[in-house]
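Predicted model only: the values in this text are computed from it and were never measured. Below, read A as the first sequence line, B as the second, and so on, with proteins coming before strands; counting in each chain starts at 1.
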Amino acid sequence: MPVKAIAPDYVGEVKDSVDRFHGNIVVYVNWVDHLMFCSALAFPLPPDMSFGSLLSDLLPQYYGLHPDWARIDWAQARWELDRQPFTPDLEKGLAANGVGHKSVLRFTTPGLTGIDGSCT
Amino acid sequence: MRMMIILPFIGIIERETTMNVQKKISLKDRYRILTRGLDWETSYQPMGKVFPDVGFEGIKIRNWDDFNDPFRLTMDAYWRFQAEKERKLYAVLDSFSQNNGQTAITDGRYVNTLKLFLTGISPDEYMAHRGFAHVGRQIPNAGLRISAQMQALDELRHAQTQIHTIGQYNKHFSGLHSFRRMHDRVWYLSVPKSFFDDAVTAGPFEYMVAIGFSFEYVLTNLLFVPFMSGAAYNGDMATVTFGFSAQSDEARHMTLGLEAIKFILEQHEDNVPIVQHWIDKWFWRGYRVLTLVAMMMDFMLPRRIMSWKDAWDIYFNDAGGALFGDLARYGITLPKYVDVPAKEVNRLSTEAWSIFYQYTHAAAFHTWLPTDQEMDWLSASYGPDWDRLYRPRFLHWRQMEKEGHRYYNNALPQLCQVCQIPMAFTEPDDPTRVAFRDTVYRGERYHFCSDGCKNIFDHEPEKYVQAWLPVHQIFQGNCGGASLDQVLDWYGIEKGVDNMDYAGSPDERTWKEWEAMRGRVAG
Ligand SMILES: [Fe+2]
Ligand SMILES: [Fe+2]
């Protein structure tokens, strides 16, 4: 039963459907082993924004504060999209890469484990 | 119709008061008169139409008369007790303002716990009032009805006395001026707000289990004891007094919650799984709200009372364990996911304070980094893992401050669809990995901080798809604008006054002036 309600066919209003974000999709990004950023970062992004642009224009503004950011060897980085292993195509847009509304992108940067190895 | 119901009631009072002017009515009789007719059976309209909310939750009641009011408190006795407490409280508040009680606290930082309380808890006392009024209106049993109504009055009084008490501090400190507006709008206050919104939009039985039992009985000590003892330890006698004033109601509330749940369980075996799910759900929701308390205890009180870990051991493990032992004969077990808080206990407060430290620009209270001494206390309380995982974090942030680059997280965090806390909780079995859970429902993806929150969503997705998630609302343009300044304006947070670190705040300036004055007086 999807809800207990007085009205027999009660349906809730979906507050975060994609049509409410002015053409954007919401994307969450999590850098594994770097808890200085307490949660995945949430961004409203145009679905045709290239993955390369996400990586080189957007993320450095935030993750760049971490001393590990400059040390990342992107050839070694491993990606997950919505819990599945994933290889991004940097030229293509987010949607073309399969990134959808409220998708979670997680990346691991081998050898980098935060401040003094604390995963911060 | 209504006259016929009311007339005998008034008639009895008139008869008894005129005929027995000299003879005192016994307490028992007074209670009988007070509740007479409260469980009236309708005749012109079907009962289901007059009490529409008692049927839809699936709870089966064989005989409403089986519930007996454990207090049988009469209205005049109730007024007498409460009036006495009010007199004491307001006498203390008077002397507080005459003697500048606000200068007697341990440190200016202490007031930030009151900001959290006033914006996060007091408005929910008011919501508790509304919830119990609803139960009193809908449940067709006189004893439950009158005791729920009395609790509704208690909760209203709690909201009022808290506002009046903490209002004393509003004359001197920032962040307390728009508590009601903040409660409805500010991102982290959506955590307690959504908790109570969830409860009051449930049916009356779920509300009784959620608030009357799970909250009042199982978790209330973990909320009020830390705040009230924290106040006592930090020289805030005004808050201690309202705590005592409310505490005497709690015993009654706990008894009502327990009697109500036993009644529901005894009525029909089909009720057991429904109630068990509510216990699972409200235990988890309550525990998630208590994250704010854990943080308050371990990071915000200038003088600590005990660690969150000790509080959890004493007030949940010991007290709660005995309670669930009692309920075992009904087939009720410990709540689902009850093992998770023990796994999170060493890190919960640190994860929470880390959220507020990095989002201090969007908070209505001040933040700071723990001192070396405070970090020693944390590592003594939480063991060597705390030093390994968290001390480097705070030392690094301290270094950043020193270099003039105080760390702010300028992106918004992903939130849990159910508890609405930023998804900062780590895996129960791995404190270095953020926990992610999700569900796809009607083609839409939803994210959760934990199995507990996911379980709640999956049970009633149509309810939680409607969650007003502050981060998404900002993205949608519903919170005053896209810039931080616009959102702060809309929240009612005064920039550079209410938010940011305690160091350099107007609060700190005020406190230092008082200290200097004391120094001059003493010197
Ligand atoms: Fe209360
Ligand atoms: Fe959650």
Side-chain angles (χ1 to χ4, degrees), chain A residues 1-22 24-45 58-59 61-63 65-67 80 82-83 100-104 106 108 113-120, chain B residues 52-53 55-58 202-203 206 351 354-355 357-359 388-393 395-397 400 405 407-415 417 422-424 426 431-434 436 438 441-442 444-447 449 459-469 471-473 475-477:
Chain A
M1 190 164 40
V3 74
K4 261 184 194 162
I6 301 180
D9 301 312
Y10 182 88
V11 173
E13 179 192 13
V14 178
K15 279 271 199 314
D16 293 322
S17 50
V18 69
D19 55 294
R20 297 167 188 240
F21 290 86
H22 314 286
N24 292 322
I25 53 173
V26 175
V27 180
Y28 309 109
V29 184
N30 168 240
W31 182 10
V32 175
D33 288 343
H34 291 81
L35 293 171
M36 179 155 130
F37 310 92
C38 62
S39 310
L41 309 183
F43 300 106
L45 301 175
L58 184 74
L59 296 185
Q61 295 177 42
Y62 306 96
Y63 290 138
L65 295 175
H66 198 290
E80 258 180 40
D82 297 325
R83 288 193 278 116
H101 182 48
K102 296 205 269 169
S103 273
V104 176
R106 304 182 78 181
T108 308
T113 51
I115 310 297
D116 296 337
S118 68
C119 296
T120 276
Chain B
D53 290 7
F56 76 91
E57 295 172 277
E206 181 175 350
E351 289 179 347
S354 297
I355 300 174
Y357 179 79
Q358 64 196 268
Y359 290 113
R388 184 172 62 84
L389 293 170
Y390 308 117
R391 195 186 285 262
R393 174 183 303 180
L395 290 177
H396 180 69
W397 286 347
M400 288 180 78
H405 304 288
Y407 168 55
Y408 301 100
N409 189 338
N410 287 317
L412 302 186
Q414 181 182 23
L415 304 181
Q417 186 76 24
M423 291 200 8
T426 45
T432 68
R433 304 223 132 201
V434 176
F436 289 88
D438 66 270
Y441 177 69
R442 287 206 277 129
E444 192 81 18
R445 205 176 279 113
Y446 298 93
H447 300 276
C449 71
H459 231 258
E460 285 188 288
E462 289 297 338
K463 188 166 196 180
Y464 300 99
V465 298
Q466 305 170 63
W468 191 94
L469 296 182
V471 167
H472 293 169
Q473 291 300 314
F475 290 161
Q476 290 177 30

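The pair Asp438(B)-Lys102(A) does not meet the salt-bridge criterion, since no charged nitrogen lies less than 4.0 angstrom from a carboxylate oxygen.
When heavy atoms are compared at a cutoff of 4.5 Å, Tyr390(B) does not approach chain A at all. For His101(A), the parts lying near chain B are the backbone and the side chain together; criterion is any non-hydrogen pair under 4.5 Å. For Val434(B), the parts lying near chain A are the backbone and the side chain together; criterion is any non-hydrogen pair under 4.5 Å. In this structure, no portion of Tyr357(B) lies under 4.5 Å from any heavy atom of chain A. Heavy-atom distances place both the backbone and the side chain of Asn410(B) under 4.5 Å from chain A. Within the 4.5 angstrom heavy-atom criterion, only side-chain atoms of Tyr62(A), from C-beta onward, approach chain B. Proximity to chain B (any heavy atom under 4.5 Å) is restricted, for Pro67(A), to the side chain, taken from C-beta onward. For Tyr407(B), the part lying under 4.5 angstrom from a heavy atom of chain A is the side chain only. The part of Gln358(B) that comes within reach of chain A is its side chain, from C-beta onward, which places non-hydrogen atoms under 4.5 angstrom from that chain. With a 4.5 angstrom heavy-atom cutoff, Gln466(B) touches chain A via backbone and side-chain atoms both. Proximity to chain A (any heavy atom under 4.5 Å) is shown, for Ala202(B), by neither the backbone nor the side chain.
Residues Gln473(B) and Lys15(A) share a closest heavy-atom pair of NE2-CD, 4.1 Å. Across all non-hydrogen atoms, the minimal contact from Thr120(A) to Leu389(B) is OG1-O, 3.7 Å. The two atoms that bring Arg388(B) and Ser118(A) nearest to each other are O-CB, 3.5 Å, heavy atoms only.
Using a 4.5 Å cut-off on side-chain heavy atoms (C-beta onward), Phe21(A) and His472(B) make contact. Under the 4.5 Å side-chain criterion, counting only non-hydrogen atoms from C-beta, Val14(A) is not in contact with Tyr441(B). Contact annotation: the side chain of Ile115(A) never approaches that of Arg393(B) to less than 4.5 Å [non-hydrogen atoms, C-beta and beyond]. By the 4.5 Å heavy-atom criterion applied to side chains, Val11(A) and Arg442(B) are counted as neighbours.
Ranked by heavy-atom pairs under 4.5 Å with chain A, the list His405(B), Gln476(B), His396(B), Met423(B) is led by Gln476(B). Top candidate by heavy-atom pairs under 4.5 Å with chain A, chosen from Phe436(B), Tyr446(B), Trp468(B), is Phe436(B). In terms of non-hydrogen atom pairs under 4.5 Å with chain B, the most contact-rich of Ser17(A), Cys119(A), Pro44(A) is Pro44(A). Between chain B and the options Asn24(A), Thr113(A), Asp82(A), heavy-atom pairs under 4.5 Å are most frequent for Asp82(A). For the set Val104(A), Asp33(A), Val26(A), the count of heavy-atom pairs under 4.5 angstrom toward chain B peaks at Val104(A). Of the residues considered (Asp16(A), Asp116(A), Leu41(A)), Asp16(A) shows the highest number of contacts with chain B, using heavy-atom pairs under 4.5 Å.
Remark: Tyr28(A) engages His447(B) in a ring-ring contact (aromatic ring centres under 6.0 Å, His included) (not counting sequence neighbours).
For the atom pair Trp397(B) CH2 and Met36(A) CE, the distance stands at 7.0 Å (nearest 0.5 Å). Atom OH of Tyr63(A) sits about 8.5 Å away from atom CG of Asn409(B), to the nearest 0.5 Å. Here SG of Cys38(A) is found 9.5 Å from CD of Glu351(B). Values are rounded to the nearest 0.5 Å. For the atom pair Arg433(B) CZ and Arg106(A) CZ, the distance stands at 6.0 Å (nearest 0.5 Å).
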For this session: Might you work through the side chain to side chain contact (heavy atoms under 4.5 Å, CB included) test for Leu35(A) and Thr426(B), ending with a clear yes or no?
Result: CA-CA 9 Å; Leu35(A) 293 171; Thr426(B) 45; 4.1 Å; yes
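A cation-pi arrangement is absent between Lys4(A) and Phe56(B) under the rule of less than 6.0 angstrom and at most 45 degrees off the ring axis.
Remark: the backbone N or O of Gly12(A) is paired with a side-chain donor or acceptor of Glu462(B) at under 3.5 angstrom.
More than 12 heavy atoms of other residues, nucleotides or ligands shown are found within 6.0 angstrom of CG on Asp19(A).
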